[in-house]
Amino acid sequence: MKKYQEYKQVAYPSIGEDILAFWKSNGIFEKSVANRQGAPTYTFYEGPPSANGTPGIHHVMARAIKDVFCRYKTQKGFQVKRKGGWDTHGLPVELQVEKELGITKEDIGSKISVEAYNQKCRETVMRFKDEWDDLTEKIGYWVDLNDPYITFDANYVESLWYLLKKLYEKDLLYKGYTIQPYSPAAGTGLSSHELNQPGCYRDVKDTSITAQFKVQGEKDLYILAWTTTPWTLPSNSALAIGEKLDYIYVRTFNPYTFEPETVILAKERLSAYFHPEGAKRELDDYKPGDKIIPYQILEQVKGKALLGLQYEQLFPIPELSLPDPAFTVIAGDYVTTEDGTGIVHLAKAFGADDFRTLTQQHIPGVFVKDERGQEIPIVDKKGKFLPFVGKYLKTKMEAHGIQAHKILSENDFYVKNYTLEDEENKAYKSTDVIISIILKNENKAFKVEKYEHSYPHCWRTDMPILYYPLESWFIKTTAYKEQLVAHNRTINWKPESTGTGRFGNWLENLVDWNLSRSRYWGTPLPIWRNKAGTQTRCIGSIAELQAEIDRAIEAGFMTASPFKGKTPDLHRPYVDEIVLVGDNGDQLFREPDLIDVWFDSGAMPYAQWHYPFENEELFNANYPADFIAEGVDQTRGWFFTLHTLAVMLFDSVAFKNVIANGLVLDKNGNKMSKRLGNAVDPFQTLKEFGPDALRWYMLSNANPWDNLKFNKEGVAEVQRRFFGTLQNTYNFFALYANLDDFVYRKESKIPVQDRPELDRWILSKLQSLIQETGKAYEAYDVTPATRGIMNFTVDQLSNWYVRLARKRFWRGELNADKQAAYETLYECLETLCKLMAPVAPFYADWLFKNLTASQTGAAQSVHLTDWQDADENLIQKPLESSMQLAQEISSLVHSLRKKEKLKVRQPLQKILIPVLQPETQAYIQHVEEPIKSEVNVKSIEYIDDTSGILVKSIKPNFAVLGKRFGPKMKLVNQAIQKWGKEEIAAIEKAGQLKILVDEAEEIISLEEVLIQSQDIPGWSVASDNGITVALDVTLTTELKEEGIARDFVNRIQNLRKDLGMEVQDKIRIQAAASEQVVTDALTHFSDYIKTETQAMALELANEIIHPTVLDMDEFTLSVAVEKV
RNA sequence: GGGCCUGUAGCUCAGGUGGUUAGAGCGCUACACUGAUAAUGUAGAGGUCCGUGGUUCGAGUCCACGCAGGCCCA
């Protein structure tokens, strides 16, 4: 039986399947973990995917990255447990269910019960689990699929509740406001998803107003600010300018009241408010009612100069007065001069930017207290001004004689037309219009006009939405900002910029984490409150809840526990039915919100182990993670929530190393989408190429954090170039090893120092490769690791070592030289298996098994072996440099041969290499043999300076001289370029030479210039990279004969092949007599020819019975070959 | 609008701390090799290093402003 299986053709996809089956039936993954029991742990956290959609090609990418480092660390001796997980809650699940049932959120509770709805979600969420598991296995992502954490699991949710309670106890969980899209008509907040429905944004004509804000303490100085929502003006509490923008003070008249005044606006917006003609008119000539209003620019300032300016409240309603620093000019980074006045009016209650800016700058907003003492905005949830504001407006209407389409009561001031008034009615006046007229009359409006813009509408009611403060539960992340930033600095981010930039900046501009979601399928907020909001209870475990339920039953608020006799389900609607008892005896109802699903996944380090209720030791041993990896889009998702919870609750990072990988785009750089049909099916790709080439391509083509333009051609190229070459190399080894019955035995191998130089060279390269690869894996740089392995395999091992050592494998008996060759090649291949195993786990294992099949005591799988550390004793950098010179010289000779049209089979006498440094000669002498055999020359001669025939060139060493001379470098260069033969000789002799630079004498030393030999007169010369080679092209008779002999051998070998002979078959050759030179060649090189062709006899005959005519290029020759 | 990433040959990508001929693989063209052969080698063509300014004796590399594509956030 053959010791090393040979393969005619390799089907990579079936290697994947076969090895997968082998892993499964032998429990290799489990063994790779169990083997390391007691070893130090290396912790990896799986970011849970959602199984309610099918996996895509980008998941292959993400999972391959995770797998690589877990496998590598296992090889390095760590125990790496990898618990899988599933993300199961959230909006996408709900939307999918709604789509399938043909319902909307409004139907929940009427057409379908919450219970049934959530049941449906639970069923849907794992729908594609099998497909995911299948992909996971097929791409070789080793993760424990048998015991995954599932975020809807009661144990998981219980851990979440525990964490929430911890936050609550630390006073980090609070209820507050956030500005959200809100539909007064539907009485509900809208998610950004709902707002992105087609048709939501609609062009509408609204009344826009440029209001005049009177600067305090000035007679008639006003700041102009523009808004398309005049109804927000009573809530104004600040104005924002752009610090770097230019603003002007303009002396003019109010177009409605004709009063003289000075207004402030952005310089760029002047033309939008003033007729050019106005600049030419005299202010004094103005008469009230003139169409063209004169103006004069008084002053220009930077926005910064306006900061802190105080102004009078636009609507001085007593209930709305605010303490300082309200009604102040502040800076806003979002202010532009694209429209409006370049000054933005801020109403804290009705804009997200406004709310954020004012909160950050500690400026109060316009709110009033409701009966419970809670702050509320002055527009209620129906979209209507509170009565006292209505009353104020009504009074003003009467004062100014404003007539509307009907008599408006104080309860009729809706900010948008939510009562469906007839807008066609000529007398119809919206609240915006009424406000505008009031302001016009009071000299508080500079310009009022209809303005068409895009405004979002509620997709259910078609009515305009408002940005409105809604109550939400928050985690006070801002309280931990410093710690979050500090801990982040200790994390190794790949790439670094994601950590310092995207993530770091996000932390710097942190806002509190809005935890609330008004939905159905998710983790319920474990908070119960009384109606007045004065009593709050946060529940941190099932046991605690049970106890509280018991108390509630005792108090008569509940009749029975909903969990009686069954496993508690902590989802809605069950938790909603629970009414608890407050300390004061009040009924406590659960706050109806669910929590952000990102909390679910961010809490996985704890909840996956049901910590702290179980597995405390396991948790401690695996916290924090050494490594996580996920898409860069998770920066503010999973990465953030993991980090935040760890820092806030455990004063720790959650992960030490993280790779944030980029996107997988189609080959044209477009986003993949199923809808556009450019999505690549991972299963199809696996079928075509198998898992290894796919993984290798994805990780070697570009760094994982760069976007990958996925191209199947690229996978094919990797397969051909890398795997194909490696496979060829193995086949070459197997073919001859089997013929010689060679089996690698570690015990009896030839010591490396006794092996030929070529062997020591490739083994030195191999050790260097091990170092380089290990270093790259340690630094989480998988791409350089793969590139190094590829380069070694293709360029060094296959294209140099095997090519040069080829003859050693197929000639003669199994002597020491041959054995050394086998052992060397074997060692390279086996080591490659280990180095590539993390990236190409199937092929590496397959090759490993082929190599070790006949060895006793070999590991069952490469994944159960230890990483092989480099043997530094074997590294011989000088030898590596020598061989590199050999490769470069060979390349030069090849190019010379081509130029001279001399094929490699024609031996040539010698090459000449000019050497200016003795070391260079020594380096080359080491590798004369490989050079000579590679380029087929008899000898290498070196010419040094003493010959006097070298033509040299000189140029300054810019790096050295540039530092010395700086600005005078140009002159130095010119001076050195002028040097000829004598000067070069002089500096070489004396080690230095004087030049004149700018009339000053300077000494240039030999180290500061670069001298190269570029030509040998009368020779065919090539040079590159500082090496020059000359080729002796004279053909002596003997060389010619040898050339013919080699040609002859070549033709006979072809013939043998054509005749279907085996490599070891012996033959007899008859050749017809021919020209003298041919006959001489065959006679003189008879032994050589016989050895090469395995001929027992080579006879020259005058006539041959059944001749084969060989085409020898310049002549033909009749021969007969027969097997003996 | 903000933050971050990317932009080098037809394609995919390398190009520490600035240094004078900008590289590799694929593809293309030509040639060679023919006992690794559905393999391999060599050579050639192919470049506005996204643009514009600036710093410097010297910029693919540093700075500023842009442009294009992408991600996240408003």
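Given the structure is predicted, the values throughout are model-derived calculations rather than measurements. Naming convention: chains lettered A, B, ... in sequence-line order (proteins, then strands); numbering from 1 in each chain.
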Legend entry - Any pair counted as side-chain hydrogen bond (donor to acceptor under 3.5 Å, both in side chains), so long as it reaches residues 629-644 of chain A, sequence neighbours left out: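 The answer is A:K66-A:E630.
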
Legend entry - Where at least one partner belongs to residues 500-510 of chain A, residue pairs that pass side-chain hydrogen bond (donor to acceptor under 3.5 Å, both in side chains), sequence neighbours excluded: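 Every pair satisfying side-chain hydrogen bond (donor to acceptor under 3.5 Å, both in side chains) with a residue in residues 500-510 of chain A: there are none.
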
Hey, can you pull the donor-acceptor pairs under 3.5 Å for the side chains in residues 699-709 of chain A, sequence neighbours left out?
unit_1, atom_1, unit_2, atom_2, d
A:S700, OG, A:W696, O, 2.7
A:N703, OD1, A:T783, OG1, 3.3
A:N707, OD1, A:L663, N, 2.9

[X] side chain, from C-beta outward: closest of [options]:
X	options	result
A:S891	B:rA36, B:rC13, B:rA43	B:rA43
A:R787	B:rA36, B:rC5, B:rC13	B:rC13
A:K955	B:rU12, B:rU21, B:rG27	B:rU21

Legend entry - Any N/O donor-acceptor pair, A:S798 side-chain to B:rA36 base, under 3.5 Å: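 Indeed there is one.
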
Identify whether any heavy atom of [X] sits under 4.0 Å from a base atom; if not, whether one sits that close to sugar-phosphate; answer base, sugar-phosphate or nothing.
X	result
A:S497	sugar-phosphate
A:R806	base
A:N957	nothing
A:K970	sugar-phosphate
A:G714	nothing
A:V960	nothing
A:T500	nothing

Roughly, in whole Å, what's the span from [atom1] in [X] to [atom2] in [N]?
X	N	atom1	atom2	answer
A:R720	B:rA38	CZ	P	15 Å
A:N488	B:rC4	CG	C1'	14 Å
A:Q727	B:rA36	CD	P	16 Å

Legend entry - First of A:E934 and A:M969 reached from the 5' end of RNA chain B, by closest nucleotide: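 It is A:E934 whose nearest nucleotide is closer to the 5' end.
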
Legend entry - Whichever of A:K968 and A:T1093 has its nearest RNA chain B nucleotide further upstream toward 5':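 First, find each residue's nearest nucleotide; the 5'-ward one identifies A:T1093.
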
Legend entry - Results of side chain to side chain donor-acceptor pair (under 3.5 Å) for A:W800 - residues two or more places apart only: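 Partners of A:W800 under the side chain to side chain donor-acceptor pair (under 3.5 Å) test: none.
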
Distance check, [atom1] atoms only: [N] and [M], in whole angstrom units.
N	M	atom1	value
B:rA43	B:rC49	P	26 Å
B:rG18	B:rG54	C1'	15 Å
B:rA64	B:rG25	P	36 Å
B:rC73	B:rA9	P	33 Å
B:rG15	B:rG2	P	30 Å
B:rU52	B:rA68	C1'	15 Å
B:rC5	B:rG58	C1'	30 Å
B:rC11	B:rG47	P	12 Å

Inset, instruction - Show your reasoning for whether side-chain contact (heavy atoms from CB on, under 4.5 Å) applies to A:F355 and A:V511. - result: CA-CA 11 Å; A:F355 187 86; A:V511 291; over 6 Å; no

Inset, instruction - Compare all side-chain heavy atoms of A:L797 with those of A:L832 and state whether any distance is below 4.5 angstrom. - result: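 Heavy-atom side-chain distance check passes, below 4.5 Å.
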
Inset, instruction - Please list all pairs passing the salt bridge (Lys or Arg N to Asp or Glu O under 4.0 Å) test where one or both residues lie in residues 958-968 of chain A, with sequence neighbours left out. - result: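 Checked against salt bridge (Lys or Arg N to Asp or Glu O under 4.0 Å) - neighbours excluded - the pairs reaching residues 958-968 of chain A are A:R964-A:E1002, A:R964-A:E1008.
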
Legend entry - Pair A:K775 + A:D781, salt bridge at N-O below 4.0 Å: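 Not counted as a salt bridge, because no side-chain N and carboxylate O are separated by less than 4.0 Å.
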
Legend entry - Contact letters for nucleotides 67-74 of chain B, in which S counts primed atoms plus P, OP1 and OP2 and B counts the base, heavy atoms under 4.0 Å: ---BBSSS

